[in-house]
Amino acid sequence: MSVVSLLGVNVTNNPAKFTDKYEFEITFECLETLQKDLEWKLTYVGSATSDQHDQELDSLLVGPIPVGVNKFVFEAEAPDTKRIPDAEILGVTVILLTCAYDGREFVRVGYYVNNEYDSDELNADPPAKPIIERMRRNVLAEKPRVTRFAIKWDSEASAPAEFPPEQPEADLVADEDEYGAEELAEDEEEELVETEAGPSGPNGEDAGDKDAEMQGVENGDGDAEVEAEAENGVEEDEMSDDGSVDIEGESDEEIEEEEEGEGEAAEGDEMELDTDKPAVTAKPAEVTAL
């Protein structure tokens, strides 16, 4: 169980000019006294193809945290357009609001952001060089994507398993009172209706396939993380009573070759994470108990 639960986030200046500050009114509940502050961060995803253009707009330390429901305002500067490719300033991107305790992230809120000009003429025929002072942004605040992670707080009793599994669908089990649960339930109902309706695209494409492609934007650490699960191709009726799989038509030598190949592939899948992120000095902030 999480010691801190996010109850709501209100984008107070939306829509706004592209160069205006981001302003969030954040409400959360704390169930027990914390020894350290909460660290909040806002990240702007500058490109859908590379995390090299991600920008950490601001970082904020909130504390000490009283037990109960608390509220504070988080402000962050607009992104530096010099670090964003000109071709990707306009259009839809993502911002990520995250919170961590003692360096361990436990909640992440993603929003789609649409950047466009303030006139139909410029939107219909945008100039090659973006006119930043004529651009405005609109945060899709009604449809946040909330992901929660189990972490260790101050007591050992709250610590998860030593090697906890990845939790890409952690928000699917969110409590009804937690932020983003209602929007998630609506999305699940829409997906169920689309599945029952069958293919809906002009060429028989399933609309759910397009939704799955869009999911790749929201999980990114920059924040765009895409997770795919490959099916093993083993039907349930192929399983024997003892849980083993009967593979027909394969010799012992072929099976050994396949196992060796899988072992080499697993070793080659390891990759190193790039942790060379620009350092940002967090500033303290006061929190108001409600």
Chemist: Does any N or O in the side chain of H53 come within less than 3.5 Å of the main-chain N or O of V45, such that one atom is a donor and the other an acceptor?
Modeler: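 Looks like no, no N/O pair under 3.5 Å.
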Chemist: In terms of side-chain heavy atoms, does T12 have a donor or acceptor partner in E25 at a distance below 3.5 Å?
Modeler: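 No, because no side-chain N or O of T12 sits under 3.5 Å from a partner of the opposite role on E25.
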Chemist: Are the side chain of D20 and the backbone N or O of A16 linked by a donor-acceptor pair below 3.5 Å?
Modeler: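 No; zero donor-acceptor contacts below 3.5 Å.
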Chemist: How far apart are the closest heavy atoms of I89 and N115, and which atoms are they?
Modeler: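 Here I89 and N115 meet closest at O-ND2, 3.2 Å.
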Chemist: How long is the gap from CZ on R104 to CZ on F149, to the nearest 0.5 Å?
Modeler: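 One gets 14.5 Å once the value is rounded to the nearest 0.5 Å.
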Chemist: With a 4.5 Å limit on heavy-atom distance, are the side chains of V146 and V107 in contact?
Modeler: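 The answer is yes; the side chains approach within 4.5 Å.
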Chemist: Shortest non-hydrogen contact from E88 to S47?
Modeler: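 So the minimum-distance heavy-atom pair works out to OE2-OG, 2.8 Å.
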Chemist: According to the interplanar angle, ranging from 0 to 90°, do the rings of W40 and F28 count as parallel (below 30°), tilted (30 to 60°) or perpendicular (above 60°)?
Modeler: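 Correct class here is tilted.
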Chemist: Quick one: pull up OH in Y44 and CG in L42 and give me the separation to the nearest 0.5 Å.
Modeler: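 Y44 atom OH to L42 atom CG measures 11.0 Å (nearest 0.5 Å).
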Chemist: Where is the tightest heavy-atom contact between M135 and P130, given as atom of each residue plus distance?
Modeler: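 So the two residues come closest at SD-CB, 4.5 Å.
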Chemist: Should the pair R136-D118 be classified as a salt bridge under the 4.0 Å nitrogen-to-oxygen rule?
Modeler: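 No.
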Chemist: What distance separates L90 CG from N123 CG, expressed to the nearest 0.5 Å?
Modeler: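 The distance works out to 7.5 Å.
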Chemist: How long is the span from the CD atom in Q55 to the CD1 atom in I84, to the nearest 0.5 Å?
Modeler: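 Between Q55 CD and I84 CD1, I get 5.0 Å after rounding to 0.5 Å.
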Chemist: Is there a side-chain contact between I95 and Y22, using heavy atoms and a 4.5 Å cut-off?
Modeler: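 Yes. Closest side-chain heavy atoms under 4.5 Å.
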Chemist: Test your reading of the model: is there a side-chain donor-acceptor pair from Y117 to the backbone of I131, 3.5 Å cut-off?
Modeler: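 Here the side-chain-to-backbone pair exists.
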Chemist: Please say which of V113, V92, N14 ends up in a side-chain contact (heavy atoms from CB on, under 4.5 Å) with N138.
Modeler: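 Between N138 and the candidates, side-chain contact (heavy atoms from CB on, under 4.5 Å) is satisfied uniquely by N14.
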Chemist: Between S5 and S2, what is the shortest heavy-atom contact and its length?
Modeler: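 Closest approach of S5 to S2: OG-O, 4.2 Å.
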Chemist: I'd like to know if the side chain of D86 and the backbone of A128 have a donor-acceptor N/O pair within less than 3.5 Å.
Modeler: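 No.
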Chemist: Can you give me the closest heavy-atom contact between V11 and V139, atom names plus distance?
Modeler: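 Scanning both residues, the minimum pair turns out to be CG2-CG1, 4.3 Å.
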Chemist: Side-chain contact test, heavy atoms from C-beta onward, threshold under 4.5 Å: evaluate it for L31 versus V67 and give yes or no.
Modeler: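 Answer no - side chains too far apart.
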Chemist: Which distance, rounded to the nearest 0.5 Å, do you find between the CG of L96 and the CZ of R145?
Modeler: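 That separation rounds to 12.5 Å.
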Chemist: Compare all side-chain heavy atoms of L6 with those of I26 and state whether any distance is below 4.5 angstrom.
Modeler: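 The answer is yes; the side chains approach within 4.5 Å.
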Chemist: For the residue pair Y101 and D154, confirm or rule out a side-chain donor-acceptor distance under 3.5 Å.
Modeler: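 A pair is found: one side chain offers a donor N or O, the other an acceptor, under 3.5 Å apart.
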Chemist: Is there a side-chain hydrogen bond (donor to acceptor under 3.5 Å, both in side chains) between T43 and E56? Walk through the geometry before answering.
Modeler: CA-CA 4 Å; T43 302; E56 186 175 301; 5.1 Å; no
Chemist: Under the criterion side-chain contact (heavy atoms from CB on, under 4.5 Å), I'd like the reasoning laid out for V94 against Y111: C-alpha separation, chi angles, the key distance, then a yes or no.
Modeler: CA-CA 6 Å; V94 171; Y111 296 98; over 6 Å; no
Chemist: If the plane angle is over 60° it's perpendicular, under 30° parallel, otherwise tilted; pick one for F24 and F74.
Modeler: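 Judged by the thresholds at 30° and 60°, the geometry between F24 and F74 is tilted.
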Chemist: Do L122 and P127 come within less than 4.5 Å of each other through their side chains, counting heavy atoms only?
Modeler: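 Result yes, sub-4.5 Å side-chain heavy-atom pair found.
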Chemist: When you measure from the centre of the six-membered ring of F18, is the NZ or CZ of R134 under 6.0 Å away and within 45° of the axis?
Modeler: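 Negative - R134 is either too far from the ring of F18 or too far off its axis.
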Chemist: Is the shortest heavy-atom distance from the side chain of L34 to the side chain of K36 under 4.5 Å?
Modeler: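 The answer is no, as the side chains (C-beta and beyond) never meet within the 4.5 Å cut-off.
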Chemist: Which value, rounded to the nearest 0.5 Å, describes the distance between C99 atom SG and E39 atom CD?
Modeler: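 Taking SG in C99 and CD in E39, the distance rounds to 8.5 Å.
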Chemist: Can you confirm whether V69 sits close enough to T27 that some side-chain heavy atom of one is under 4.5 Å from a side-chain heavy atom of the other?
Modeler: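 A side-chain contact exists here, since the closest heavy-atom pair is under 4.5 Å.
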Chemist: Step by step, would you call K41 with T98 a side-chain contact (heavy atoms from CB on, under 4.5 Å)?
Modeler: CA-CA 5 Å; K41 293 181 182 180; T98 62; 3.6 Å; yes
Chemist: Could you tell me whether the side chain of D125 and the main chain of E121 form a donor-acceptor pair under 3.5 Å?
Modeler: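 No; judged by distance alone, with no hydrogens or angles, the pair does not exist.
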Chemist: Identify the two heavy atoms, one from R137 and one from K17, that lie closest to each other, and give their separation to 0.1 Å.
Modeler: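 The answer is NH1-O, 3.1 Å.
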Chemist: Is the closest basic N to carboxylate O distance between K82 and D80 below 4.0 Å?
Modeler: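 No, this pair does not count.
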